[in-house]
Amino acid sequence: MAYWLFKSEPDAYSIDDLKRETIGRWDGVRNYQARNFLRDGVKAGDTVLFYHSSCKVPAIVGVAKAVKEAYPDPTQFDPAHKYHDPKSTREKPRWVAVDVAYVKHIQPITRDDLRAHPVLSRMSLLQRGQRLSILPVSKEEWAAVSALMKKA
DNA sequence: GCCAACGTTGGC
DNA sequence: GCCAACGTTGGC
């Protein structure tokens, strides 16, 4: 069982949106490295840290669980969709999505919180120039984040 | 809104 | 296959 961190801009899709849906489709990933993590790495049952990016206080805001492994991201085929990819075909889809289930909100763990922690300060999330929206989280990192979690 | 970092595109 | 131009990400 692996651990991941998924980034989302709360204006586009927040942890509250996931809670409302219970199970949400994680689509719109248009970066090959992130796609590869989704396609080859994420397994049903894996734990996901939900991270809010590009907002007032970027932070880990909750936990989710992968419930459906990679399948073709339907938005790539839809010409009207902003994630449409004209170079992708149904025979050879380029992008994948996974489904995640809401688990819980937590009190936000901010970047300052992470930076202050001996283990978490080395997370790839904090590395300069880091832009991947899907990031692996090590067992040690997960343990450290768990220890910081407080009920929201 | 700024800007650094990075990925992608396309001409050659 | 190189590389400049451009677009995007995302923290600050």
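Please read these numbers as outputs of a predicted model, since none were measured by experiment.
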Problem set entry | Inter- and intrachain pairs under ring pair (Phe, Tyr, Trp, His ring centres under 6.0 Å), touching residues 130-152 of chain A, at least two apart |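 Output for this query lists A:Tyr3-A:Trp142.
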For this session: Only pairs at least two apart or in different chains count here, so list each ring pair (Phe, Tyr, Trp, His ring centres under 6.0 Å) that has a residue in residues 108-140 of chain A.
Result: none
For this session: Take A:Asp78 and A:Thr75 through the test side chain to side chain donor-acceptor pair (under 3.5 Å) and record every step on the way to the result.
Result: CA-CA 5 Å; A:Asp78 179 359; A:Thr75 64; over 6 Å; no
For this session: Using chain A heavy atoms and a threshold of under 4.0 Å, write down where along DNA chain C the contacts begin and end, 5' to 3'.
Result: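 On DNA chain C, the outermost contacted nucleotides are C:dG7 to C:dC12.
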For this session: Please list, by residue number, the residues of residues 9-16 of chain A whose heavy atoms come closer than 4.0 Å to an atom of DNA chain C; answer none if no residue qualifies.
Result: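 Listed by number, there are none.
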For this session: Would you indicate what A:Lys56 reaches in the nucleic acid, counting non-hydrogen atoms under 4.0 angstrom: base, sugar-phosphate, or nothing?
Result: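 The residue A:Lys56 makes no contact with any strand.
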Exercise. Counting any heavy atom closer than 4.0 Å, what does A:Arg35 reach on the DNA or RNA strands: base, sugar-phosphate only, or nothing?
Worked result: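 Since no nucleic acid heavy atom lies under 4.0 Å of A:Arg35, the category is nothing.
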Problem set entry | side-chain hydrogen bond (donor to acceptor under 3.5 Å, both in side chains) pairs, two or more places apart, involving residues 53-68 of chain A |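 Counting only pairs at least two positions apart or across chains, no side-chain hydrogen bond (donor to acceptor under 3.5 Å, both in side chains) contact touches residues 53-68 of chain A.
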For this session: Please list, chain by chain and in numerical order, all residues satisfying ring pair (Phe, Tyr, Trp, His ring centres under 6.0 Å) with A:Tyr71, sequence neighbours excluded.
Result: none
Exercise. Can you say whether the rings of A:Tyr13 and A:Phe50 are parallel (under 30°), tilted (30 to 60°) or perpendicular (over 60°)?
Worked result: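 Plane angle under 30°, so parallel.
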Problem set entry | Lys/Arg-Asp/Glu bridge criterion (N-O < 4.0 Å) met for A:Asp73, A:Arg35 |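 No.
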For this session: For A:Tyr102 and A:Arg20, run side chain to side chain donor-acceptor pair (under 3.5 Å): C-alpha distance rounded to whole Å, both residues' side-chain angles, the deciding distance at 0.1 Å, then the answer.
Result: CA-CA 9 Å; A:Tyr102 173 80; A:Arg20 203 171 305 122; over 6 Å; no
